[in-house]
Engineer: 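This is the structure I want to talk about, given as structure tokens.
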Amino acid sequence: MVFDRFVRRVRTPDAAQLRSLVDLSIVNELDAIEHDPAVVDRHGTYFRELFASWAPLASKQVVLDAQRVLGP
């Protein structure tokens, strides 16, 4: 469930909407990391664990991009 701030209510996204939300969230963080690679040094473990837990919901390409940006 997510809170829709525009209509001020909780909604349950369908599978496609959830995948889009997860993909956008991951890609947004990856963009920030690519602009400041030191973020990986400070928070890489956190992001690797978080994105791994989201991997079943994310598109394959976004998972591969996260692995490329964050490294092992």
Side-chain angles (χ1 to χ4, degrees):
M1 292 191 297
V2 295
F3 181 73
D4 185 330
R5 70 178 191 239
F6 299 107
V7 296
R8 302 195 50 81
R9 65 183 171 105
V10 175
R11 296 183 36 199
T12 301
D14 63 32
Q17 291 170 324
L18 184 57
R19 173 161 284 176
S20 293
L21 177 62
V22 169
D23 283 353
L24 181 61
S25 297
I26 293 172
V27 169
N28 186 50
E29 294 299 338
L30 296 178
D31 183 57
I33 290 166
E34 288 182 316
H35 283 87
D36 182 5
V39 170
V40 174
D41 295 333
R42 294 188 309 270
H43 306 290
T45 299
Y46 166 77
F47 284 118
R48 280 188 286 277
E49 290 174 0
L50 178 64
F51 297 161
S53 73
W54 290 356
L57 303 172
S59 64
K60 182 174 179 136
Q61 186 58 53
V62 169
V63 171
L64 293 173
D65 286 346
Q67 293 169 347
R68 176 185 56 78
V69 172
L70 296 172

Engineer: Is V27 isolated, or which residues cluster with it under the ILVMFWY side-chain rule of less than 4.5 Å, directly or via members?
Structural biologist: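 Noted: V27 shares its cluster with L18, V22, I26, L30, I33, V39, V40, Y46, F47, L50, F51, W54, L57, V62, V69, L70.
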Engineer: Considering residues at least two apart in sequence or located in another chain, which fulfil the side chain to side chain contact (heavy atoms under 4.5 Å, CB included) criterion with Q61?
Structural biologist: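 Once residues adjacent in sequence are excluded, the partners of Q61 under the side chain to side chain contact (heavy atoms under 4.5 Å, CB included) criterion are L64, D65.
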Engineer: Determine the minimum heavy-atom distance between V2 and P13, stating which atoms define it.
Structural biologist: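 The answer is CG2-CD, 4.2 Å.
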Engineer: What residues form a salt bridge (Lys or Arg N to Asp or Glu O under 4.0 Å) with D31, not counting sequence neighbours?
Structural biologist: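 Not a single residue meets the salt bridge (Lys or Arg N to Asp or Glu O under 4.0 Å) criterion with D31.
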Engineer: Run the side chain to side chain contact (heavy atoms under 4.5 Å, CB included) test against R8 and tell me which residues pass, sequence neighbours left out.
Structural biologist: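 So R8 forms a side chain to side chain contact (heavy atoms under 4.5 Å, CB included) with F3.
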Engineer: Sorted by first residue and then second, give each salt bridge (charged side-chain N to carboxylate O under 4.0 Å, His left out) pair with at least one member in residues 33-44; sequence neighbours left out.
Structural biologist: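 Output for this query lists E34-R68, D36-R42.
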Engineer: Any side chain to side chain donor-acceptor pair (under 3.5 Å) pairs touching residues 12-21, not counting sequence neighbours?
Structural biologist: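 For residues 12-21, and leaving out neighbouring residues, there are no side chain to side chain donor-acceptor pair (under 3.5 Å) pairs at all.
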Engineer: Who passes salt bridge (Lys or Arg N to Asp or Glu O under 4.0 Å) against R9, sequence neighbours left out?
Structural biologist: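 Counting only residues at least two positions away or on another chain, R9 forms no salt bridge (Lys or Arg N to Asp or Glu O under 4.0 Å).
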Engineer: Can you sort out the partners of R5 under salt bridge (Lys or Arg N to Asp or Glu O under 4.0 Å), two or more places apart, ordered by chain and number?
Structural biologist: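 Once residues adjacent in sequence are excluded, R5 has no partner under the salt bridge (Lys or Arg N to Asp or Glu O under 4.0 Å) criterion.
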Engineer: What pair of heavy atoms forms the shortest contact from V63 to A58, and how long is it?
Structural biologist: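 Distance-wise, the nearest heavy atoms are CG2-CB, 3.8 Å.
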